[in-house]
Every structure is written in structure tokens, then in C-alpha cells.
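So the structure is just underneath, and the comments pick up after that.
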Amino acid sequence: MKFGKLEDSSLIDFTLPGDHPDTENTLRQNTEGLGRISVGCSKWTRSDLKAFYPKGTKDELKYYATQFNSIELNATFYGMPSPEQVQTWKNKTPPGFTFFPKVPNTISHFRRLVDVTDAVTQFVTSVMNFGEQLGTVFLQLHDNFRPQDYARLEKFVRDWPAEIPLAIELRNEEWFADAEVFNRAARLFEQHHITMILTDTAGRRDVLHMRLTTPETFIRYVAANNETDYKRLDDWVRRLTLWKEQGLRNLSFFIHQDIEADSPLLFDYFIRNINIAWKTDLHSPKMATEGTGSLF
């Protein structure tokens, strides 16, 4: 993920901000307890995860699904998936594996949420073929989609089919520069049970707003590829544990980094610490290439 990337992030204060005042109230509305814990990558191809796959792996997704329980499915951003393609992906994974498909850029970037009813219907019809393995669909708005486009966003949210869970990532700085503007969007999401995505990236600390609009966290963690990454994950485990105590329902956590070949190391670290703190037994992914025991 290039969004918020800095050539030198050594001077960035990666301390997690305090929670938004409305976050605890949102969490405490959940009375069902902890549900799904999803941790995964944003891609599964061998070219990106060179050290991850054993020699001779013939089907990358099928093997990936033995090591991770979910995938942030960015592939659907670049092209409308067919029902047949969705079924093919699903058939390669075990029950319990969860897909988090990204809304196609035709809807978000080219049409910019205008006249998208037919495209949304086509997309939703396709991803419903994931069945019980469909996680939260997510919409990444263009970096220049600004608060002046609020009416488009409001219509999109109101028209979105309620049976399909949705998360939205706001990116333009103007959404976060004015508290009234930000809170208006957050209230809209909360009213329609839309999750507001948190993005933890070096060059845009404003998007780490810590405002939960549903009892679900959808976190896109962008590694800095230096020694700060592990400490940042420690901080996230502590914050997520607090949110769990307050009523967190679903955790969705996806790691992005330039050194994708070594990303399972960060996942292993994060998952092991979640397991310790939460007394869970999530599977930790293993590196196939020997000798890759640490990123730094």
C-alpha cells in the first residue's frame, strides 16, 4: 500500500491516539460477545510472498488458506468478479476461511459513487456466492473524494444492501481536519451499521481516528519495515484488548508492507501475542524458507 508511505519514517511518532469519545459507547452496545477474529494479507501470490510458499506449491490460494484464516481481497478492486470466479476462490479454501472483497474501482474511483446502482447490484450478486465465507466488503474512496461530495456518500450508504456488511475508508485530509465534518460522516456510518476503516500508516496519522462506528474493527496496518513495527503491534494488541473488554464483536486486521516476502513474520508475532492476551488459539503462519527468522 503506497498510501501514507514515507521514504524515512524514523522520526514518526507511531503512538496510537486516544479513543474517540464515542467509541466506547459504540462497543458497549454489543451484547453478543466476541465473534470473528480475522487476520490476513492483502494478496496471496507467490511473487509477493516469495519465502512463504513451500517449493513445488501448485495452488497458492489453497496453500495460503492453510496458514491464514482470511484475505483482504484487493483483486476485486481492479475488475468486477464474476459469480464463477467467486465460486472458484471459495472452493479452494476451507470452511471458516473469510474473504473481505474490495469494491471495484469502477464504482469508487471512475464513477465516484454516481449512477452505480447496476454496478453495485452486479458486485453484490457475485460476492454473495462466498456464502458464509463472506466477511466485510470494503469501499476505499479516492484520495480526492472530499466532504463536498457528502451527498454522494450519503446516497451510497443509504442504498447499500443492509444484509451485506460494509466498511468504508475515507482518505482525503478534509474529512479529518474539521471535527464537525468528521462526526457527520461517522454518525451516518453508525446509523447504517457501516464500519469506518482505521488505517495505520506513517505519513497520514490523521486517518488513525480511533472512531469505531460498529463493534467491528477493520484495520489496515502499513508496516514501516523497520524495528518500530513490532512495538506498534504490541500497542495494537493492548488497544484491541481494551476494546474487547468494552464489547468488541469482530476483529479484522490486515498487514501491508513493502517486504511482502517476510510479512508472515509480523503476522506470527501479532497472532502469538493476541493468543496470549485473549487466550485464543489462532494458527500462526509459518515461513517455508529456512533462515528467515526476523525482519531486522
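We're numbering straight along the sequence, starting at 1. The structure presented is a predicted model; accordingly, all values stated were derived computationally and were not measured.
- Between V181 and Y150, the closest side-chain pair of non-hydrogen atoms is not below 4.5 Å.
- Taking hydrophobic clusters as Ile, Leu, Val, Met, Phe, Trp and Tyr residues chained together by side-chain heavy-atom distances below 4.5 Å, L139 shares a cluster with L212.
- Note on ring orientation: taking the six-membered ring where Trp is involved, the planes of Y230 and Y269 are perpendicular (angle over 60°, cut-offs 30° and 60°).
- In this structure, N129 contributes its side chain and S126 its backbone to a donor-acceptor pair below 3.5 Å.
- The shortest side-chain heavy-atom distance between H283 and Q67 falls under the 4.5 Å cut-off.
- The cluster map of Ile, Leu, Val, Met, Phe, Trp and Tyr, joined by side-chain heavy atoms under 4.5 Å apart, puts F254 and F68 in different clusters.
- At distances below 3.5 Å, not a single donor-acceptor pair connects side-chain atoms of T217 with backbone N or O atoms of L251.
- When all heavy atoms of L266 and A223 are compared, the closest pair comes out as CD1-CB, 3.9 Å.
- Classification of the F99-F130 ring pair by plane angle, with boundaries at 30° and 60°, yields parallel.
- The environment of CG in D115 is sparse: at most 12 heavy-atom neighbours from other residues, nucleotides or ligands sit within 6.0 Å.
- Using a distance-only test at 3.5 Å, with no hydrogens or angles considered, no donor-acceptor pair links the side chain of D268 to the main chain of S284.
- W160 contributes a side-chain N or O that, together with a main-chain N or O of I164, makes up a donor-acceptor pair within less than 3.5 Å.
- Between F182 and H209, the two ring planes are tilted [angle within 30° to 60°].
- A single hydrophobic cluster is seen to contain both I271 and Y63, as judged by linkage of ILVMFWY side chains at heavy-atom distances under 4.5 Å, directly or through other members.
- Ring planes of W236 and F253: perpendicular class, angle over 60° (limits at 30 and 60°).
- For N275 (side chain) and W278 (main-chain N/O), no donor-acceptor pair under 3.5 Å exists by modelled atom type.
- Here K155 pairs with D159 in a salt bridge; the nearest charged N to carboxylate O distance falls below 4.0 Å.
- Looking only at side-chain heavy atoms (C-beta outward), L153 and W175 come within less than 4.5 Å of each other.
- A salt bridge links R232 with D229: at least one charged nitrogen is closer than 4.0 Å to a carboxylate oxygen.
- For the pair S108 and F77, the minimum side-chain heavy-atom distance is below 4.5 Å.
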Under 3.5 Å, which donor-acceptor pairs link side chains of residues 186-198 to any protein atom two or more places apart or in another chain?
from	atom 1	to	atom 2	distance (Å)
E190	OE1	R211	NH2	3.1
E190	OE2	T26	OG1	2.8
T195	OG1	T214	OG1	2.7

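- Under a 4.0 Å N-O distance rule, the pair R238/D234 does not qualify as a salt bridge.
- The main-chain N or O of Q85 is found under 3.5 Å from a side-chain atom of S82 such that the two form a donor-acceptor pair.
- Salt bridge absent: D13 and R205 never bring a charged side-chain N and a carboxylate O closer than 4.0 Å.
- With L208 as reference, L16 is the one residue of I219, T15, T199, L16 to meet the side-chain contact (heavy atoms from CB on, under 4.5 Å) rule.
- Residues Q122 and D118 are not in side-chain contact: their nearest non-hydrogen atoms beyond the backbone lie 4.5 Å or more apart.
- When side chains are defined from C-beta on, F14 does not count as touching K231, because their heavy atoms never get closer than 4.5 Å.
- Under a 3.5 Å cut-off, the side chain of N172 and the backbone N or O of L170 do not form any donor-acceptor pair.
- Judged purely by atom type and a 3.5 angstrom limit, T23 uses its side chain to pair as donor or acceptor with the backbone of M210.
- Within the 3.5 Å criterion, the main-chain N or O of H142 finds no donor-acceptor partner in the side chain of R112.
- Contact check for D19 versus W243: side-chain heavy atoms found under the 4.5 Å cut-off.
- In this structure the side chain of I107 reaches within 4.5 angstrom of the side chain of F156, judged on heavy atoms.
- A donor-acceptor contact shorter than 3.5 Å links the side chain of Q133 to the backbone of F97.
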